[in-house]
Peer 1: 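Have a look at the structure that comes next, please.
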Amino acid sequence: MTIRINVCSGPRNISTAVMYSFRQRDDTTVVDEPLYAYYLASTGVRHPGADEVLRSQSPDGEAVVRDVILGQYPTPIVMFKQMAHHLRGLDTSFLAACTNVILTRHPRDMLASLTVQLPDATIEATGLPMQVELLDKMLAEGASPIVVDARALLEDPESVLTELCRRIAIPFDRSMLAWPPGPKPEDGVWAPHWYARVHQSMGFAPYREKTDPLPSYLEPLLAECLPLYDRLAEFGVTQA
């Protein structure tokens with residue numbers, strides 16, 4: 001039986017580093033944002049490299065769920081790196097076949113980075129509304145949500161990954177703590193636009209608090225984000 005780990009992140013988080021971490025496991029296949037083309041096609045949103053993304057993937061969300069997320073893999077574990085908002089408009093019943101992890105980051109840190117690439121970013125673009133929807137869906141179904149905050153993971157990668165693996169019901173593997181620098185074969189075609197920093201990494205970088213003030217025009221968006229982030233933070237994984 002395949003263990004399908006569906007990591008639903010917001011943008012400008014450490015989701016690619018988490019994907020690289022799982023990629024180090026011999027028992028795991030990783031898949032980078034399989035629903036990105038679906039999201040772009042269904043919303044009309046324009047992102048850097050959007051045309052390349054649409055050429056590289058099927059924009060048919062139901063087909064992606066059937067053939068990719070619920071498809072067959074050569075390893076017993078498969079980890080899907082997802083942006084939570086890419087699931088908008090889909091029948092999410094497939095999540096019952098996955099172990100679902102919500103990866104979040106404090107919006108004050110996230111917005112400063114996101115708006116460099118997406119100056120007109122909205123609350124939907126943060127992924128937070130969809131993450132809270134997923135959380136509430138899990139709770140309504142009696143599941144125990146797994147929420148990982150980027151800061152907690154960066155402050156103590158080994159302990160948080162150990163606890164995350166325990167909740168997923170897989171053994172922790174110390175290889176998850178480091179990876180070789182540079183692009184990876186699993187990277188989506190959007191990597192040149194978004195992955196420059198993580199391509200320089202060889203593991204989880206220590207957490208550094210941002211000290212620059214958030215631009216004043218982002219304060220209303222921050223105010224929208226904070227209650228959603230706080231809701232998710234109630235369920236955060238800390239350590240074993």
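Any value given below was found using the heavy atoms of this structure, including those in side chains, with hydrogens, waters and symmetry copies removed.
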Peer 1: Please check this pair: side chain of Glu186 against backbone of Asp32, looking for a donor-acceptor N/O pair closer than 3.5 Å.
Peer 2: no
Peer 1: Just how far is it from atom CE of Met19 to atom CG of Leu103, taken to the nearest 0.5 Å?
Peer 2: 12.5 Å
Peer 1: Would Asp60 and Arg66 count as a salt bridge (charged side-chain N to carboxylate O under 4.0 Å, His left out) here? Give the steps.
Peer 2: CA-CA 10 Å; Asp60 184 336; Arg66 181 186 66 243; 6.0 Å; no
Peer 1: Between Asp149 and Arg151, is there a donor-acceptor pair closer than 3.5 Å when you use the side chain of the first and the backbone of the second?
Peer 2: yes
Peer 1: Any luck finding a side-chain donor-acceptor pair between Asp187 and Tyr20 under 3.5 Å?
Peer 2: yes
Peer 1: Is there a salt bridge (charged side-chain N to carboxylate O under 4.0 Å, His left out) between Arg55 and Glu52? Walk through the geometry before answering.
Peer 2: CA-CA 5 Å; Arg55 288 193 296 266; Glu52 297 169 273; 5.4 Å; no
Peer 1: Start with the C-alpha distance between Gln82 and Ser9, add both sets of side-chain angles, then the distance that settles side chain to side chain contact (heavy atoms under 4.5 Å, CB included), and finish with yes or no.
Peer 2: CA-CA 6 Å; Gln82 306 270 19; Ser9 179; over 6 Å; no
Peer 1: With side chain to side chain contact (heavy atoms under 4.5 Å, CB included) as the criterion, how do Asn6 and Thr99 come out once you've worked through the C-alpha distance, each side chain's angles and the decisive distance to 0.1 Å?
Peer 2: CA-CA 6 Å; Asn6 195 59; Thr99 298; over 6 Å; no
Peer 1: Would a 4.5 Å heavy-atom cut-off, applied to side chains only, mark Met176 and Cys165 as touching?
Peer 2: yes
Peer 1: Test Val237 against Val101 for side chain to side chain contact (heavy atoms under 4.5 Å, CB included), laying out the working first.
Peer 2: CA-CA 10 Å; Val237 171; Val101 178; over 6 Å; no
Peer 1: Quick check against the 3.5 Å criterion: does Lys81 have a side-chain atom that pairs as donor or acceptor with the backbone of Met79?
Peer 2: no
Peer 1: I'd like to check His85 versus Tyr39 (side-chain heavy atoms, cut-off strictly below 4.5 Å). Are they in contact?
Peer 2: yes
Peer 1: If we check side-chain hydrogen bond (donor to acceptor under 3.5 Å, both in side chains) with Thr75, which of these qualifies: Asp27, Thr29, Thr2, Thr28?
Peer 2: Thr29
Peer 1: Distance-only, no hydrogens or angles: does the Asn100 side chain make a donor-acceptor pair with backbone N or O of Val7 under 3.5 Å?
Peer 2: no
Peer 1: Lys137 vs Glu141, test: salt bridge (charged side-chain N to carboxylate O under 4.0 Å, His left out). Steps then yes/no.
Peer 2: CA-CA 6 Å; Lys137 177 181 173 67; Glu141 294 171 351; 3.2 Å; yes
Peer 1: Does the ring center of Trp179 lie less than 6.0 Å from the ring center of Phe22?
Peer 2: no
Peer 1: Would you say the ring centers of His86 and Tyr38 fall short of 6.0 Å from each other?
Peer 2: no
Peer 1: Mind running salt bridge (charged side-chain N to carboxylate O under 4.0 Å, His left out) on Asp109 and Arg12 for me, showing each step along the way?
Peer 2: CA-CA 9 Å; Asp109 294 339; Arg12 310 318 289 161; over 6 Å; no
Peer 1: Measure the CD1-CD1 distance between Ile77 and Ile168 for me, rounded to the nearest 0.5 Å.
Peer 2: 8.0 Å
Peer 1: Is the shortest side-chain heavy-atom distance between Leu228 and Pro129 below 4.5 Å?
Peer 2: yes
Peer 1: Could you report the tightest heavy-atom contact between Ala37 and Ser58, atom names first, then the distance?
Peer 2: CB-O, 3.8 Å
Peer 1: Kindly check if the number of other-residue, nucleotide or ligand heavy atoms within 6.0 Å of CD (Glu224) is above 12?
Peer 2: yes
Peer 1: Backbone N or O of Pro213 within a donor-acceptor pair of the Arg108 side chain at under 3.5 Å?
Peer 2: no
Peer 1: Do the non-hydrogen side-chain atoms of Ile69 and Leu35 ever get within less than 4.5 Å of each other?
Peer 2: yes
Peer 1: May I ask you to check whether over 12 heavy atoms, not counting those of Gln72, lie within 6.0 Å of atom CD?
Peer 2: no
Peer 1: Any side-chain to backbone donor/acceptor pair from Asn13 onto Thr104? Under 3.5 Å, distance only.
Peer 2: yes
Peer 1: Side-chain heavy atoms nearer than 4.5 Å, only ILVMFWY residues, links allowed to pass through others: does that put Val78 and Leu70 together?
Peer 2: yes
Peer 1: Is there a side-chain contact between Ile102 and Pro145, using heavy atoms and a 4.5 Å cut-off?
Peer 2: no
Peer 1: Ignoring hydrogens, what is the shortest heavy-atom contact between Trp190 and Gln57? Give both atom names and the distance.
Peer 2: CH2-NE2, 3.5 Å
Peer 1: Checking Tyr73 side chain against Val68 main chain: does a donor-acceptor pair fall under 3.5 Å?
Peer 2: yes
Peer 1: What's the shortest heavy-atom distance between Met110 and Thr126, and which atoms?
Peer 2: CE-CB, 3.6 Å
Peer 1: Under the 3.5 angstrom rule, does the side chain of Gln131 hit a backbone N or O of Leu232 as a donor-acceptor pair?
Peer 2: no
Peer 1: Using every non-hydrogen atom in the two residues, find where Leu226 and Pro107 come nearest and quote the distance to one decimal.
Peer 2: CD2-CG, 3.7 Å
Peer 1: Do Val18 and Phe204 make a side-chain contact, defined as non-hydrogen atoms from C-beta onward lying under 4.5 Å apart?
Peer 2: yes
Peer 1: Any side-chain heavy atom of Phe172 sitting closer than 4.5 Å to one from Glu158?
Peer 2: yes
Peer 1: Kindly indicate whether the side chain of Ile146, heavy atoms from C-beta on, has any atom under 4.5 Å from the side chain of Met138.
Peer 2: no
Peer 1: Distance check, rounded to the nearest 0.5 Å: Leu111 atom CG versus His106 atom NE2?
Peer 2: 10.0 Å
Peer 1: Measuring from Cys98:SG to Ile3:CD1, what's the distance to the nearest 0.5 Å?
Peer 2: 11.5 Å
Peer 1: Check step by step if side chain to side chain contact (heavy atoms under 4.5 Å, CB included) holds for Val64 and Phe94.
Peer 2: CA-CA 11 Å; Val64 171; Phe94 73 90; over 6 Å; no
Peer 1: Nearest heavy-atom pair of Lys184 and Pro181: which atoms, and what distance?
Peer 2: NZ-C, 3.8 Å
Peer 1: How close do Pro11 and Ala125 get, heavy atom to heavy atom, and via which atoms?
Peer 2: CG-O, 3.1 Å
